[in-house]
Amino acid sequence: MLAYKDVTKTYTPGQPPALLGATLRVAPGEMVALLGPSGAGKSTLIRCANGLVRPEAGAVTVAGQPVITLGSAELRAVRRKVAVIFQEFHLIDRFSVLKNVLTGRLGQVSFWRAALGLWSAADVAMARELLARVGLEGQERKLARELSGGQRQRVAIARAMMQAPEILLGDEPVASLDPVTGRSILRLIADLTVERRLTTVLSLHDVTLAREFCLRAVGVSGGRIVYDGPMADVTPDVMNAIYGSGGV
Ligand SMILES: Nc1ncnc2c1ncn2[C@@H]1O[C@H](COP(=O)(O)OP(=O)(O)OP(=O)(O)O)[C@@H](O)[C@H]1O
Ligand SMILES: [Mg+2]
């Protein structure tokens with residue numbers, strides 16, 4: 001369960017807040033589409049859930065535990081439960097596919113073991129299994145830079161799953177991909193959400209794709225959540241409320 005309660009974030013004093021009183025609960029097994037125009041606050045909402053952004057008011061909890069806790073060990077423990085994938089994949093180009101996936105384990109193993117490449121046999125087996133699950137069997141030794149965009153996002157998803165997360169966040173995870181590849185990535189995320197009971201929140205620019213895969217939509221505009229409900233009820237009027245009349 002991922003929960004936001006009255007979350008407000010202002011980056012620059014004197015400027016309007018990027019998020020204002022955002023309240024939202026997403027349950028395990030749900031896959032929610034975050035919709036909203038550029039600058040609405042979607043990335044800010046996502047970053048508040050893994051501690052990358054610290055709201056000045058309100059609370060974000062993961063499985064009932066606040067994301068911002070006092071001790072750094074506790075913070076690490078909570079953050080480990082939250083995996084994020086990005087538009088630009090954020091792989092390490094000069095590392096092999098397998099090693100990129102293993103870095104998903106960094107929160108759990110000691111820095112030195114990782115730096116020396118001393119991954120446990122169990123971790124390597126898990127990484128290989130995940131690569132097979134995302135459709136990259138036999139590609140383990142390739143370098144990340146040798147992959148296509150869709151393959152790179154598959155590696156990023158396998159890396160995210162290596163964390164054994166409870167929450168999966170995606171900040172425009174298919175925005176760099178063509179529609180066919182984007183659809184196959186969303187299919188994979190939807191299947192993993194069900195298989196692993198993930199709590200999944202994805203910001204998506206492509207509303208058509210969002211409609212295909214997400215039963216619930218959350219509309220953000222000017223830092224406020226202006227819609228939260230079934231995707232089926234996202235009518236042209238709701239679209240206007242989210243995107244403004246100049247929108248889609
Ligand atoms: N690091 C930052 N420093 C200052 N202002 C920021 C920062 N990040 C975001 N903002 C501002 O906060 C507001 C919300 O930005 P955010 O990136 O959350 O929007 P978004 O909905 O993700 O937009 P996009 O669709 O373009 O990615 C914007 O006004 C943006 O300029
Ligand atoms: Mg953004």
Side-chain angles (χ1 to χ4, degrees), residues 1-2 26-31 46 49-52 61-65 67 69 71-86 88-171 173 184-202:
M1 171 78 68
L2 171 65
V26 188
E30 260 192 303
M31 174 154 150
I46 287 172
N50 73 340
L52 275 179
T61 54
V62 168
Q65 292 171 290
V67 173
T69 47
S72 60
E74 283 167 299
L75 178 60
R76 273 204 306 278
V78 175
R79 286 180 65 172
R80 204 180 288 157
K81 296 180 183 168
V82 182
V84 194
I85 55 173
F86 301 93
E88 317 81 14
F89 322 123
H90 294 305
L91 300 184
I92 301 173
D93 275 345
R94 65 177 195 285
F95 280 10
S96 70
V97 164
L98 185 70
K99 198 164 173 190
N100 267 284
V101 175
L102 283 165
T103 63
R105 211 65 189 153
L106 280 180
Q108 281 102 315
V109 300
S110 86
F111 172 80
W112 284 112
R113 283 189 76 85
L116 296 170
L118 297 174
W119 304 101
S120 72
D123 282 350
V124 173
M126 185 179 175
R128 287 181 179 279
E129 231 167 77
L130 283 167
L131 280 167
R133 176 63 192 86
V134 302
L136 291 177
E137 201 160 17
Q139 315 267 344
E140 291 86 352
R141 297 165 75 97
K142 271 199 179 162
L143 295 182
R145 64 167 168 260
E146 295 173 308
L147 302 181
S148 70
Q151 290 172 323
R152 292 164 76 84
Q153 196 59 295
R154 285 173 189 275
V155 174
I157 291 168
R159 178 182 58 189
M161 293 304 111
M162 205 63 200
Q163 262 175 264
E166 291 178 26
I167 316 282
L168 176 63
L169 306 171
D171 198 350
S184 73
I185 293 292
L186 288 180
R187 174 83 273 146
L188 173 63
I189 295 172
D191 291 345
L192 289 169
T193 299
V194 173
E195 282 166 29
R196 298 177 171 240
R197 300 274 303 153
L198 300 172
T199 301
T200 300
V201 178
L202 309 175

Over 12 non-hydrogen atoms of neighbours within 6.0 angstrom of CD in Glu137: no
Quick one, [X] and [Y] - any side-chain contact, counting heavy atoms below 4.5 Å?
X      : Y      : result
Asn50  : Val67  : no
Val155 : Gln151 : no
Leu143 : Arg94  : no
Met1   : Thr199 : no
Leu198 : Met31  : no

State the [atom1]-[atom2] distance between [X] and [Y], to the nearest 0.5 angstrom.
X      : Y      : atom1 : atom2 : result
Lys99  : Ile92  : NZ    : CD1   : 8.0 Å
Leu98  : Leu136 : CG    : CG    : 11.5 Å
Glu195 : Arg133 : CD    : CZ    : 4.0 Å
Arg152 : Ile157 : CZ    : CD1   : 13.5 Å
Phe86  : Leu169 : CZ    : CG    : 9.0 Å
Lys142 : Asn100 : NZ    : CG    : 14.0 Å

Residue pair Lys81, Gln65: steps toward the side chain to side chain donor-acceptor pair (under 3.5 Å) verdict: CA-CA 11 Å; Lys81 296 180 183 168; Gln65 292 171 290; 2.6 Å; yes
Provide the closest heavy-atom pair for [X] versus [Y] in the form atom of the first, atom of the second, distance.
X      : Y      : result
Arg105 : Trp119 : CB-CZ3, 3.9 Å
Leu102 : Met162 : CD2-CE, 4.0 Å
Ala127 : Val101 : CB-CG1, 3.7 Å
Leu168 : Ala160 : CD1-CB, 4.2 Å
Val62  : Ala49  : CG2-O, 4.3 Å
Phe89  : Arg159 : O-NH2, 3.0 Å

Side-chain donor or acceptor of Glu140 paired with backbone N/O of Gly138 under 3.5 Å: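 Yes; at least one donor-acceptor contact below 3.5 Å.
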CA sep, side-chain torsions, deciding dist, call: Leu131, Gln139, side chain to side chain contact (heavy atoms under 4.5 Å, CB included): CA-CA 8 Å; Leu131 280 167; Gln139 315 267 344; over 6 Å; no
